[in-house]
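Residues take their numbers from the sequence shown, with the count starting at 1.
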Amino acid sequence: MFYNYIKIGWRNLMRQKVFSAINIVGMTVAFCVAFLLGIAAYFEWSYDQFHTNKNGVFLVYTAERMVDGSVQNNSSHAAVFGPTIEKECSAVQAASRFAWDYEAVSYKEKSLDLSVNFVDPAFLSMFSFPVLEGDKNALRQASHILITKKAADKLFPGESPIGKLVQINMNNHLQPFTIAGIMADVPRNSSISFEVLCSFQNVISALPDPNTWDNQAYQVFVQLRPHTSPAMLETQMNDVIQRYRTNKLSSMKENGVTPGADGKLLSMHTLPLADMHFREEGNTGGGINPFYPWMLVIMALLIIGTASINFINLSMGRSFTRAGEIGLRKALGAVRNQLIMQFWCEALIVCTVAFIASLVLGALLLPAFNRLFSYHLSFSILLNVKLISWTIVAFFFVTVLAGGYPAWLVARTNLIEVLKGKMSLGKSGFLRNTLIIVQFVVAVLLISSTAILWQQLNYLRTRPMGFDTEQVISVPITGNVDATKVLARIQQQLNGDPHVISSTASYMNLGAGLAGGESTWKVGFDFKGHEAKAVWVPVEYDYLQTLGLKLVAGRDFSRSYGADSNTVIVNEKLAATLDGGKDVIGQHFEFDGQQIQIIGIIKDFNFKSLRQGIGPLALKLTPSLGAAAIFVKVKPADLPGAMAAVEKAWRAVVPQGDFKGSFLNENVNRMYEAEARLATIIVCSAVLAILISCMGLFAVAVLVIGQRNREIGIRKVMGASVGSIVTLLSAGFLKLVAIAIVIASPMAWYIMSTWLQHFAYRIQIQWWLFILVGLAALIIAFFTISIQTIRTAFMNPVKSIKTA
């Protein structure tokens, strides 16, 4: 019997090729979009799930109370912290410290900038990063390293790297290391990424005092013992803090910091490895908003739902042409369930064809989707049994949703009425109107959200950062080089170049450069018996001039003062927190065994993204620093020529290093790639939603206007004009769209207001934006239905009355 339903359903679809094509195309596009967005969401949720110990490994972070009552979370700890809690906390089975940087790794004449991570030996047992070849205990020796297969293939093409001696530039000194093993490449869905693993003992050996608790610069991961809990570990770590950080706690009390609800000034917490991708407490994970994958799923469901509503409306419209067939079936004894099954099978055929077509279309569009949204998705993700199961369930739910209601509606019609060739689907059309409203609520919601998101994104890109972004080129220092010598030689190469105004260097790049960026180093220091914290940035001479920073008090670093290497310039935010906001120019404090003098105050500038507010900042003159980036200020007349001049100078000085120069405005724009990707997704979804909604609206217009042909003919005979008839027929539909606008606007305002709270700097949502969006939706809806209303209004009234 089921085969018979399928065969008859296929014949019916072939007889109505236009109807079938519209439904198949609509559902194919919807399935394809849902397929792409769904695997993107699944990929986000799959982060760090491949680790065997994912439920037992945690990142440790500190919640610190501030004077104003706020709480700052920080995952940086002293080097001694990891071994201490491993020894004194019974809940800890193993601990590993974690630090990373991009370093130049050289072999013979070849040099590559690779991500080098410094970890303890327990790291390999805590995390599921397999060693494919070589010594799995290599990290027990400071001179041995492990390298990923991809990095090994680049550095040693065609030969085994095991036992090879390489050199790594550490603190401007070349240090030899032996490659003791090859590791599997780190999966793309890992919050922790690396290309080289090196023993943390190399970090310890470079510290002047490895046992100090003041240098908070390293992350710590812990693995819990069986039958212990994170809460138990947090309690034990808080006891450790009370014993070893007495100076810090005393300083906080003297500064007037009040305890939180738990009675603590400092409290230790754990961040599960499985949650790292969606949390911001540590700098290792992505810090992705946890709502982001849900948003992808919601977008997919909205598109599928809109297409299903469209399917229902088209099915309802088509049922009028099948009144005779349905009546004959009923007269010959067909029961309601049989009619429902027949119509559902037709929906199943359409959805099956659309689903297969969507997979083919998705495969063709996946490379473009990856490029557009900066993903690296592949069809291998579909091999997951759980994902396949959910896909099958969702598919059958859609077929029931799209085919079920029209089938039930047709099956319940009166036999005598359908034998006369007439069908009535209800005068009120309550459900039909509700479906139209739902479609346009989705469309208006997406259009409004898109408009607000683009406004915020444009605001982020154009808001002044407080430093010159248009005329400054950022050049990350790459290659196995001495950063100080590179700066001096590049300055010599650029000396006298007509494009160049000035140049400098810094430990911190600004924005997201082509070799990374936004790396900051936050330190604490004692100022008149009170502890202060600031982002500490070693810089070269001419830093303020090159970046266009404004000096509001004191003076700049100067080569005329020999002692400026022991001076700092602070921003207004830090100056306000020191000594009660009094004049701090000329005052001293001790840091790292040196007496440091404050010689100037600069106007606050956004050295990090606009998602965050401006924090305390100290610029420390360090002429022999290991700089991360060189900055070159150029004249605006010929920016491409200036970039070419800087690149030429770089290649003359560092021929073996990659040139990754970019203007700072490009770096700033790259910081908001996540927002740009989100905007693109919503724009595409909004366009699809409005197109599918218009298809559904057109179908309903055909349906309703077809029922009113006699009325229209009579009105024309009585003297009604074409304009009055078009207005009459359009008013009801436009009223439904207006209702959708009224419902969607406050929803969009609430959702986007909540999203904007994640930014320290944000736009104010304007009321007129919703009016513009509403007018746009009304105009689109009017033009959609006017196609059919104008055609009907111009029909011969005699023909309308005869055929009604």
Side-chain angles (χ1 to χ4, degrees), residues 58-67 71-92 94-100 118-120 122 171 199-222 233-257 259-260 262-271 281-284 520-536 577-578 589-596 615-616 618 620:
F58 298 83
L59 174 69
V60 177
Y61 70 94
T62 306
E64 179 179 347
R65 298 278 298 179
M66 309 305 291
V67 176
V71 177
Q72 285 190 359
N73 295 322
N74 187 10
S75 63
S76 296
H77 306 280
V80 71
F81 177 74
T84 301
I85 62 172
E86 189 173 24
K87 178 182 178 181
E88 300 190 16
C89 297
S90 61
V92 176
S96 175
R97 293 162 292 188
F98 182 89
W100 74 276
F118 300 90
V119 297
D120 288 307
N171 299 319
S199 171
F200 198 84
Q201 289 302 316
N202 292 281
V203 176
I204 297 296
S205 62
L207 294 176
D209 183 8
N211 295 317
T212 181
W213 285 81
D214 295 329
N215 184 9
Q216 305 281 314
Y218 312 105
Q219 293 183 314
V220 174
F221 290 93
V222 297
L233 173 60
E234 290 172 4
T235 300
Q236 294 174 354
M237 288 192 300
N238 283 322
D239 293 338
V240 169
I241 293 299
Q242 295 296 321
R243 289 196 298 273
Y244 290 98
R245 302 205 67 187
T246 54
N247 292 339
K248 168 70 174 177
L249 295 171
S250 299
S251 176
M252 293 178 70
K253 291 177 182 177
E254 292 173 5
N255 287 337
V257 179
D262 58 359
K264 294 181 175 62
L265 299 173
L266 284 177
S267 57
M268 303 303 299
H269 300 275
T270 54
L271 171 62
E281 286 85 348
N283 296 324
T284 306
T520 54
W521 178 30
K522 197 169 189 178
V523 302
F525 56 89
D526 183 81
F527 187 87
K528 293 187 175 181
H530 301 287
E531 186 181 53
K533 272 194 173 182
V535 171
W536 195 264
T577 63
L578 300 177
F589 62 90
E590 184 176 340
F591 176 75
D592 201 19
Q594 294 180 322
Q595 283 295 316
I596 307 296
K620 169 72 166 59

Q.
With heavy-atom distances below 4.5 Å as the criterion, would you say the side chains of Ile85 and Gln236 are in contact?
A. no

Q: For residues Lys620 and Ile596, determine if any side-chain heavy atom of one lies less than 4.5 Å from a side-chain heavy atom of the other.
A: yes

Q: Would you please test Arg65 and Lys264 for side chain to side chain contact (heavy atoms under 4.5 Å, CB included) and show each step?
A: CA-CA 8 Å; Arg65 298 278 298 179; Lys264 294 181 175 62; over 6 Å; no

Q. Does the side chain of Met268 come within less than 4.5 Å of His77's, by heavy atoms?
A. yes

Q) Does Leu249 reach the side chain of Asn247, with side-chain heavy atoms less than 4.5 Å apart? A) no

Q: Using modelled atom types only, decide if a donor and an acceptor are shared between the side chain of His269 and the backbone of Leu59 within a distance under 3.5 Å.
A: no

Q) Under 4.5 Å between any side-chain heavy atoms of Ser267 and Asn238, yes or no? A) yes

**Q.** Nearest atoms (heavy-atom pairs only) where Arg97 meets Gly82
**A.** CG-CA, 4.4 Å

**Q.** Evaluation steps, side chain to side chain contact (heavy atoms under 4.5 Å, CB included), between Phe118 and Gln201
**A.** CA-CA 8 Å; Phe118 300 90; Gln201 289 302 316; over 6 Å; no

Q.
Whether the Gln219 and Ser76 side chains hold a donor-acceptor pair (N or O, under 3.5 Å, no angle test) is what I'd like checked.
A. no

Q) Between Asn74 (side chain) and Thr62 (backbone), is there a donor-acceptor pair under 3.5 Å? A) no

**Q.** Main-chain N/O of Thr270 paired to Glu234 side chain as donor or acceptor, under 3.5 Å
**A.** yes

Q) Is there a donor-acceptor pair under 3.5 Å between the side chain of Ser205 and the backbone N or O of Asn202? A) yes

(Q) Between Val119 and Phe200, is there a side-chain heavy-atom distance shorter than 4.5 Å? (A) no

Q: Over all heavy atoms of both residues, which pair between Tyr218 and Ala78 is shortest? Give the atoms and the distance, please.
A: CD1-C, 4.3 Å

Q. Going by the angle between their ring planes, with limits at 30° and 60°, are Tyr244 and Trp213 parallel, tilted or perpendicular?
A. parallel

Q) Taking the side chain as C-beta and beyond, is there a heavy-atom pair between Val240 and Cys89 under 4.5 Å? A) yes

Q: Test ring pair (Phe, Tyr, Trp, His ring centres under 6.0 Å) on Phe221 and Phe98 and set out the steps.
A: CA-CA 8 Å; Phe221 290 93; Phe98 182 89; 5.7 Å; yes

Q | Separation of Arg245 CZ from Ser250 OG (nearest 0.5 Å) | A | 11.5 Å

Q: For Asp120 and Ala122, indicate whether the former's side chain and the latter's backbone hold a donor-acceptor pair under 3.5 Å.
A: no

Q.
Is any side-chain heavy atom of Val92 closer than 4.5 Å to one of Leu233?
A. yes

Q: Taking all non-hydrogen atoms of both residues into account, name the closest pair between Ile204 and Ala79 and its distance.
A: CD1-CB, 3.8 Å

